Protein chains: 2
Amino acid sequence: MTRNTRDDVVAAAGRLFAERGYHGTSMRDLGKELGLLGSSLYSHVDGKQQLLVEVVNRGAGFFQQAADDALAVEGSATERMRALIDGHTRVVLDHRSEVRTYLNEADSLDHERRASVIAARDRYEDAYRTVLKEGATDGSFRADLDPPLAAIFILSILNAVDRWYREDGRVDRDALVTGMFELVTEGVS
Amino acid sequence: MTRNTRDDVVAAAGRLFAERGYHGTSMRDLGKELGLLGSSLYSHVDGKQQLLVEVVNRGAGFFQQAADDALAVEGSATERMRALIDGHTRVVLDHRSEVRTYLNEADSLDHERRASVIAARDRYEDAYRTVLKEGATDGSFRADLDPPLAAIFILSILNAVDRWYREDGRVDRDALVTGMFELVTEGVS
DNA sequence: CCTACCGATCGGTAGG
DNA sequence: CCTACCGATCGGTAGG
């Protein structure tokens with residue numbers, strides 16, 4: 001048992017916020033998770049809200065990096081869409097705690113921080129709108145597509161993954177990504 | 001200002017649980033919402049957990065009723081799918097508080113109640129699996145469709161509606177339902 | 001539905 | 001990272 005780093009504290013906070021929510025996690029709970037007292041956490045961080053901010057910022061960063069990578073993929077809009085879906089899925093499954101906290105606990109941030117999360121989400125969503133618009137223009141997708149609306153629908157599917165997907169289930173990651181990609185591009189018909 | 005009924009209390013609890021979450025709502029908050037003291041609520045209900053149970057049960061009931069109605073629609077699997085999408089959307093938009101609480105706060109239920117919510121969700125999801133299976137068999141949908149997976153994707157879109165949709169926005173209810181139906185059946189291509 | 005409480009727990013601090 | 005606290009708030013109760 002060596003001493004905890006500040007990073008350990010933020011990571012553990014992410015796990016508990018993801019599992020029990022921000023309001024459902026006390027500093028004493030977090031201390032117990034790390035093997036120390038709640039009051040001892042204040043030598044690592046200023047307060048509980050700061051922990052939430054840091055966890056949420058990590059989540060936002062992962063997503064934005066993935067979007068930038070996907071937009072850089074050369075080829076058709078369809079290929080970039082597949083890269084977006086693949087990247088999002090990877091982020092969700094590789095960083096579940098930060099992602100869950102980012103997606104579900106942002107309401108517990110103070111006004112200013114909350115606004116910046118909303119802005120970050122909009123920037124991220126814009127990657128989807130951009131690719132959809134490209135595809136509607138160049139003929140990869142339907143010309144009558146409503147890109148902002150379709151972006152919301154696609155992200156709804158993607159963001160829900162962490163709520164139900166289990167790594168040890170019937171569907172592996174590849175099948176998951178392929179399944180989402182096919183529904184998005186071709187639908188059920 | 002007449003006295004509050006038990007129904008008023010449950011309805012107000014739904015509003016606050018939906019807005020601030022179960023853990024983020026105190027009995028004193030709820031009392032203030034109704035114009036009385038937190039302690040006075042105990043003449044209407046046994047406790048906070050009971051309020052959550054009742055709000056969640058209302059949400060579950062609305063959804064199951066809508067699914068039963070949609071399954072009773074005669075015609076093609078495609079028509080029943082549209083009825084499912086339409087019904088779900090109506091429930092979400094007409095009963096936002098109960099729906100949000102049902103979808104987001106079920107984790108705060110005790111073990112037994114939580115298990116019964118999970119069972120209710122599975123029963124509801126089964127309506128989607130059934131229609132998808134019908135459609136895959138009778139040629140309305142792709143024969144290689146994975147109905148359980150497609151059901152999750154469709155419900156992901158539907159459940160997310162309450163997170164972003166605004167009644168006074170660019171998209172009216174009809175356009176919303178049509179947009180979701182088209183993405184689900186035809187995709188973006 | 002209010003008055004007057006209860007013990008428990010909360011986020012956080014002072015000082016080491 | 002601990003000891004020893006603080007005031008505030010929590011869900012809930014007794015009695016009216």
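Computation of the quantities below employed the complete heavy-atom set of this structure, encompassing side-chain atoms and omitting hydrogens, waters and symmetry-equivalent molecules. Small disclaimer: the values here were computed from a predicted structure and weren't measured. Letters A, B, ... mirror the listed sequences (proteins, then strands); counts begin at 1.
Atom CZ in A/Phe17 sits about 12 Å away from atom C1' in C/dG11, given to the nearest Å. Note: CE (B/Met27) to C1' (D/dT9) measures 14 Å, nearest angstrom. Atom-to-atom, CG of B/Leu34 to C1' of C/dC2 comes out at 15 Å; the value is rounded to the nearest Å. Atom CG in A/Leu16 sits about 12 Å away from atom P in C/dG11, given to the nearest Å. For the pair B/Lys48 NZ and D/dT9 P, the interatomic distance rounds to 15 Å; values are reported in whole Å. The distance from atom NE2 of B/His23 to atom P of C/dT9 is 15 Å, rounded to the nearest whole Å. Note: CG (B/Asp29) to C1' (D/dT9) measures 10 Å, nearest angstrom. A straight line from CG of B/Leu52 to P of D/dG11 spans 13 Å, rounded to a whole angstrom.
Looking at heavy-atom distances under 4.0 Å, A/Leu37 makes contact with a base. Within the nucleic acid shown, A/Gly47 comes within 4.0 Å of sugar-phosphate atoms alone, with no base atom in reach, counting heavy atoms only.
Using a distance-only test at 3.5 Å, with no hydrogens or angles considered, no donor-acceptor pair links the side chain of A/Arg80 to the main chain of A/Ala127. Side chain of B/Asn4 to main chain of B/Leu34: a donor-acceptor pair is present (N/O by atom type, distance under 3.5 Å, no hydrogens or angles). Of the possible donor and acceptor atoms, one in the side chain of A/Glu79 sits under 3.5 Å from a partner among the backbone N and O of A/Ser76.
Aromatic rings of A/Tyr102 and A/Phe63 (six-membered ring for Trp) have centroids within the 6.0 Å cut-off, being under it.
For D/dC2, one of the phosphate oxygens OP1 or OP2 lies less than 4.0 angstrom from a side-chain nitrogen or oxygen of A/Ser40. The shortest distance between the side-chain N/O atoms of B/Ser39 and the OP1/OP2 oxygens of D/dG12 is not below 4.0 Å. Distances shorter than 4.0 Å separate none of the side-chain N or O atoms of A/Tyr42 from OP1 or OP2 on C/dT13. Remark: A/Ser43 is not in phosphate contact with D/dC1, judged by side-chain N or O atoms under 4.0 Å from OP1 or OP2.
When both distances must be under 3.5 Å, the Watson-Crick or G-U wobble mate of C/dA14 is D/dT3.
Set against C/dC1, C/dC2, C/dG12, the side chain of A/Arg28 has C/dG12 as its closest nucleotide.
Between the side chains of B/Ser140 and B/Asp138, a donor-acceptor pair is found at a separation under 3.5 Å.
Where A/Ser26 and B/Asn4 meet DNA chain C, the nucleotide closest to each residue was compared, and B/Asn4 sits on the side nearer the 5' end.
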